[in-house]
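See below for the structure under consideration.
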Amino acid sequence: MGKEVRVRYAPSPTGLPHVGNIRTALFNWLFARHYGGKFIVRIEDTDRARYVDTATEAMLDGLRWLGIDWDEGPQVGGLYASYFQSERLPLYQQAASKLVSEGKAYYCYCTPERLDKMRETQIAAKTPPGYDRTCRSLSDAQRAALEKQSLPCVVRFKCPSNGKTVFNDAIRGQVEFENALLDDFIILKSDGYPTYHLANVVDDAAMHISHVLRAEEWIPSTPKHILLYEALDLKDHVPIFAHMPMILGPDKSKLSKRHGAIAITAYKEEGYLPESMFNFLALLGWAYDDKTEIFDCQELIKYFDLNKVSKTAAIFNVDKLNWMNGMYIRSLEPTDLAARMQPLVEEHIKKLTIQDVQYLQDITPLIQERIKLLNKENVVEPIRFFFTDKLEYSTDNLKASKLEKEPTQKVISTVKERLQTLNEFSDKNLEIIIKPLLEQSSLKPGQFYGALRWAVSASEVSPPIYSTMRVLGKERVINRMQDALAALKTF
RNA sequence: GGCGCGUUCGUCUAGUGGCCUAGGACGCUGCCCUCUCAAGGCGGAGAUCAGGGGUUCGAAUCCCCUACGCGCUACCA
């Protein structure tokens with residue numbers, strides 16, 4: 001690689017950042033970090049009609065959440081500021097004027113209404129839709145007359161009517177387009193803002209972008225961009241293009257809002273770990289070998305390679321993401337996990353004291369391997385009983401033991417009696433005390449432990465019973481057994 | 001319609017001419033472990049490598065055609 005690697009992520013702030021966009025950002029970032037280059041964020045806010053005020057911040061939040069940092073861009077600035085296209089308008093306008101004065105572009109006065117109508121007729125006649133180039137061949141007199149009326153106008157690029165534009169895609173190899181098939185596309189809109197094509201080329205050149213890694217949907221506009229570089233005498237700045245596969249919805253169409261939860265922020269809220277999201281996204285369209293699935297960030301940087309990016313669009317497989325998230329949760333240090341759970345617990349149960357925090361740390365290993373997502377359902381509900389003083393005992397949550405009232409009573413009271421004499425509640429001690437009682441009881445283990453589980457948690461499921469009792473502690477366990485016995489009498 | 005890109009288990013993928021009677025992962029499923037729920041361990045089903053022609057001693061891998069999917073075809077990006 002000759003020159004410095006400089007890549008950019010150039011989102012348009014028109015909505016929430018979805019996983020496809022973020023995956024593009026991720027590949028760019030990985031590529032930059034792999035080669036020790038620069039990762040730049042540039043906000044392409046040239047569409048004032050679709051502009052969404054909060055989108056930029058949401059985008060940056062998404063990147064930060066995943067640990068993707070940028071060397072130049074919003075908030076950090078850089079040598080080529082501004083990194084908001086709306087603040088670089090003069091640059092694009094100059095470029096457009098230059099092209100017009102050199103006869104490589106022209107003003108077009110056609111109204112949107114006429115253009116729409118034209119397109120309709122073209123489609124009806126089954127001819128390729130495209131601008132009919134009316135204004136390209138205006139005489140000087142006609143042009144002067146139009147100008148005098150101060151009509152709104154756009155600038156269109158004069159596409160060559162012959163020859164081919166060829167480029168070598170780093171992922172797909174050589175791609176060719178017939179120039180004659182290209183439209184005289186708009187480069188400057190009537191509101192003075194550039195279109196993507198112009199702004200992109202002007203900025204990529206100005207910012208010395210070396211590689212353009214973007215989604216596959218941009219392949220058809222790449223020849224336009226190359227033609228623009230040439231027309232602007234920026235041939236030396238033409239970057240290496242690499243078009244990455246798209247991420248599809250389950251119906252195999254381009255990912256969009258109608259596919260539901262696709263915004264990166266939604267995954268954050270649903271309780272996915274940024275580490276697993278990062279890992280998962282990296283594997284969507286890229287693979288290192290034939291077996292490795294779990295990679296940390298450093299490994300990803302080390303191994304990332306454009307040659308291994310696939311050409312095929314990928315469907316976002318939530319099942320696999322869920323599995324991976326579980327893998328990451330299980331691999332967390334319990335104290336780390338507890339810290340990540342704490343906000344959820346405080347939101348749904350109560351504000352935690354210092355002692356509670358310690359208690360939570362003790363509880364965490366018991367449910368760690370059962371958590372799929374960091375959300376209320378997965379972390380709060382399963383441990384709620386640890387924090388509840390008065391449990392709600394009912395015949396409903398007693399069903400699992402499949403025991404009648406009498407034997408349940410007997411199990412709880414005998415165990416309670418023995419437990420009162422035990423001072424140190426360790427898993428081992430509890431087993432030594434309780435197991436013989438099971439053997440004497442002639443009950444099935446499921447029934448026996450089910451009764452105890454109910455007494456201690458008022459629930460049909462809980463972590464293993466000895467550990468649960470150990471963490472609850474003697475006082476709580478005895479009290480709960482008393483409460484359970486009292487409740488039983490009323491059934 | 002035109003142009004472009006793509007096509008290996010349901011899904012994500014490995015595979016760059018012989019190691020492929022196609023490997024891994026998710027999901028599904030059987031068994032084991034087990035006090036519930038998980039987690040874990042060991043198995044299984046699941047891809048005639050889109051189809052058809054070539055090239056070659058030999059093709060998932062190279063070439064051609066066809067089909068299908070997707071994308072682009074906006075004063076959106």
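Residue numbers start from 1 in every chain, and the chains themselves are labelled A, B, ... in the order their sequence lines are given, proteins ahead of strands. Predicted model, so just to flag it, every value in this text is computed and none were measured.
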Sugar-phosphate only, base, or nothing, as touched by A:G130 at under 4.0 Å among non-hydrogen atoms: nothing
A:L284, nearest nucleotide to its side chain (from B:rC5, B:rG27, B:rC12): B:rC12
Selection from B:rA77, B:rC75, B:rC5 that lies nearest to any side-chain heavy atom of A:L115: B:rC75
Any A:K189 side-chain nitrogen or oxygen under 4.0 Å from OP1 or OP2 of B:rC76: yes
P spacing across the pair B:rG51 / B:rG10, given as an integer number of angstrom: 13 Å
Nearest-nucleotide pick for A:K311, side chain only, options being B:rA77, B:rG6, B:rA38: B:rG6
Mutual orientation of the aromatic rings belonging to A:F295 and A:Y303 [parallel < 30°, tilted 30-60°, perpendicular > 60°]: perpendicular
Selection from B:rC75, B:rU13, B:rA77 that lies nearest to any side-chain heavy atom of A:Y196: B:rA77
Distance test, side-chain N/O of A:S221 to OP1/OP2 of B:rA77, below 4.0 Å: no
Distance in angstrom units between A:F241 CZ and B:rC72 P, rounded: 18 Å
Base B:rC35 paired with A:R453 side chain (donor-acceptor, <3.5 Å): yes
A:K308 side chain near B:rG15 phosphate (N/O to OP1/OP2, under 4.0 Å): yes
Closest nucleotide among B:rC12, B:rA38, B:rG6 to the A:K372 side chain: B:rA38
A:S12 side-chain N/O to B:rC76 phosphate OP1/OP2 under 4.0 Å: no
Touch class at under 4.0 angstrom, heavy-atom based, for A:D319 against every strand present: sugar-phosphate
Sugar-phosphate, base or nothing in reach of A:W286, heavy atoms under 4.0 Å: nothing
Nearest-neighbour nucleotide for the A:E216 side chain, B:rC5, B:rG24, B:rC35 considered: B:rC5
Given B:rC3, B:rA77, B:rA38, the nucleotide with the shortest approach to the side chain of A:L181: B:rC3
Close side-chain approach of A:D204 to A:V201, heavy-atom, < 4.5 Å: no
Per A:E217 side chain, nearest of listed nucleotides B:rG71, B:rA25, B:rG69: B:rG71
Contact under 4.0 Å: A:R50 side-chain N or O vs B:rA77 OP1/OP2: no
Proximal nucleotide (of B:rC37, B:rA14, B:rG24) relative to the A:A287 side chain: B:rA14
Side-chain N or O of A:R119 closer than 4.0 Å to phosphate OP1/OP2 of B:rU73: no
Sugar-phosphate, base or nothing in reach of A:P463, heavy atoms under 4.0 Å: base
Touch class at under 4.0 angstrom, heavy-atom based, for A:E176 against every strand present: sugar-phosphate
Nearest-angstrom distance from the residue atom CD1 of A:I315 to C1' of B:rG10: 9 Å
Nucleotide nearest A:F177 (side chain, heavy atoms from C-beta), chosen from B:rA77, B:rG4, B:rC35: B:rG4
Complement of B:rA74, any strand, by Watson-Crick or G-U distances under 3.5 angstrom: none
Aromatic ring pairing A:F316/A:F280, orientation class (parallel under 30°, perpendicular over 60°, tilted between): perpendicular
Sugar-phosphate, base or nothing in reach of A:E293, heavy atoms under 4.0 Å: base
Chi angles and distances behind the salt bridge (Lys or Arg N to Asp or Glu O under 4.0 Å) call for A:E392, A:R480: CA-CA 10 Å; A:E392 306 250 344; A:R480 283 171 191 215; over 6 Å; no
Parallel, tilted or perpendicular: ring planes of A:F241 versus A:H243, cut at 30 and 60 degrees: parallel
